[in-house]
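For reference, positions follow the sequence shown, starting with 1. For ligands, and for the atoms within them, numbers begin at 1 and follow the listed sequence. This is a predicted model, so every value here is computed, not measured.
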Amino acid sequence: MGLKITKQTRTVLQPCQAQYDAKHAESFVMIVFGGAGDLSCKKLLPALYQLFKSGLIKNFAIIATGRTRRTNVEYHKLIKGALKKQLKKEFCRSIWKKFTANLFYESCDISEEATYITLEGLIVKYAQINNTNDIIYYVAVPPKLISDVVAGLGANAMRWISQSDKTGRHESVEHDENATWNRKIVLEKPFGTDQKSAISLNQNLLKVFAEKDIYRIDHYLGKETVQNILFFRFANSIFEPIWNNNYIDHIQITVAEDIGIEGRGQFYEGVGVIRDIVQNHILQLMAMIAMEAPAGLDADLVRNERVKVFQAVRAFKKSDLDNNIVVAQYDKYCKEKNIAPNSKVPTYFAGKFYIDNWRWSDVPFYVRTGKRLIKKETKIVIQFKNPPLKLWGKTCSLKQPNSLTIFIQPQESIAIQFCVKQPGTLNSSHLVNMDFEYGKFFDLAKLLPAYERLLLDCMKGDQTLFAREDGTEIMWHIVDPIIDALNAKKKIASYKPGSWGPKVADELIERDGIKWINED
Ligand code: BG6
């Protein structure tokens, strides 16, 4: 009897129709501390302008503050310059004009109590004009000044916390008997300068705000390709069974930048690469790769799983550091503006971490990051183990095992590398790639940039993509011993701008018989 072949009807699945819910994001009063700083000019204000342009925010007032005396017009000029540089032809004069009707500048000293009284007056005024009770304090000042802002808000909070049930809804009797204000605070990274300062900052913040109103920003979590890691891992059934130490040999995380410190010498001298990138962006990427599936997508369910990863990261003993950590500084860093001539601040970091839990036991996580490297590229390579038996070992010398690479930026894609038979009479294998490129499936222009996504989430009250109190403290616990040990060193290695970093970083990984995977 012949086999009957029936034509399969292909079910064409529709994409999930869940829409990003932008309601509640429309009206607010935002106070920006550090409103004329680098971050505000390059990231925050451009993101707010774009949200306004896309119609995602309406009825709002942004009050940018800074020490320098400026009129509104002068401040607008400053931001316009930054925006035009970024957006080039996309800058729209008529939208900018409407945007500036909601953008104000207030020169003030954040260490003075009077500042907070003035700002409170402005909040009440613009809240009434915009018919809103949603207030956002955005703290974009250098780490050492954050505590001044928190203290200032705390002292002034006595005026607006007449009744506080510690759920974050503070009732103000001073301004309006019936008004219930929703006050949130957004803090830029690094959150503190070590674990001790982060704990103290958290304690002070929690005297003024409830945890549910504190948004500790890490813009890497707002990147579309970083959010996708959870979907890639948990919306498919084929990857999770092999996503563990039975199949994975090691993981490589690279956050390479081709730019230097771009005139941010003063800021950078206070942080260096570990506080700037490792303590936050790299550890968050590690958590997204390593975490268990959350029980749901509620903010705390997701954040619990990320925190569990940080809790399991193996602490470095002093004696381990030399073998597992490399730092370096690019040539001529010390010649840049606002840099100490004998600065030892590292601009490059490479390290080998372990996550001591059931899934990741004995799987090394090699991470590296640096400024002025050969190119800008953030990627995560999952390197699988070799097949148990080299069936073709005699005829083919190719030994490379499978790998899966998640390219976070700038070319957003995912690639799986596997062996196929090299056509011909020999039993030899050939490595090929299977690629998914965002640009081929989605309109890249429609990907919401990280800052826009995070601002909307904050306005909506969704903390999933923000760091939690316990998370920030444990992240410092991981890096503090590294920073302490490096501070004690008298010298720092150097590397050539435009390279992949110092030779010692290659040696770190090569000691384990592995190489950094570079596509160039
Ligand atoms: C910031 C750092 O958090 O991230 C900068 O302070 C760095 O030093 C930047 O350049 C990198 O972000 P991105 O999104 O360009 O990778």
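Contact annotation for Tyr220 and ligand 1: only side-chain heavy atoms (C-beta onward) come within less than 4.0 Å of the ligand.
Nearest protein heavy-atom neighbour of atom 10 (O) of ligand 1: Glu257 OE1, 2.5 Å. Given atom 14 (O) of ligand 1, the protein heavy atom at minimum distance is Lys223 NZ, 2.6 Å. What sits closest to atom 12 (O) of ligand 1 on the protein, heavy atoms only, is His219 NE2, 3.1 Å.
Residue Asp276 holds the heavy atom nearest to atom 6 (O) of ligand 1 of all those in Val273, Ile217, Ile259, Asp276. Of the candidates Arg275, His281, Arg264, Lys42, it is His281 that places a heavy atom closest to atom 1 (C) of ligand 1.
By the 6.0 Å and 45° rule, Arg233 does not stack over the aromatic ring of Phe239. In this structure, Arg368 satisfies the cation-pi test against Trp500, with its NZ or CZ atom closer than 6.0 Å to the six-membered ring centre and inside 45 degrees of the ring normal.
At a cut-off of 3.5 Å, with distance as the only test, no side-chain donor of Gln463 or Arg468 sits close to an acceptor on the other residue.
Heavy-atom contacts of Lys371 reach the following atoms of ligand 1: 5 (C), 7 (C), 8 (O), 10 (O) (cutoff under 4.0 Å). Within ligand 1, the atoms closer than 4.0 Å to a non-hydrogen atom of Lys189 are 1 (C), 2 (C), 3 (O), 6 (O), numbered from 1 in the order shown. Atoms of ligand 1 found under 4.0 Å from any heavy atom of Lys376 (numbered from 1 in listed order, with element): 13 (P), 15 (O), 16 (O).
A ring-centre distance under 6.0 Å is not found for His250 and Phe365. Ring to ring, Phe436 and Tyr438 are close: their centroids are under 6.0 angstrom apart. Side-chain rings of Tyr333 and Tyr330 approach one another, their centers coming within less than 6.0 Å.
Between Ser40 and Tyr138 there is no side-chain heavy-atom pair separated by less than 4.5 Å.
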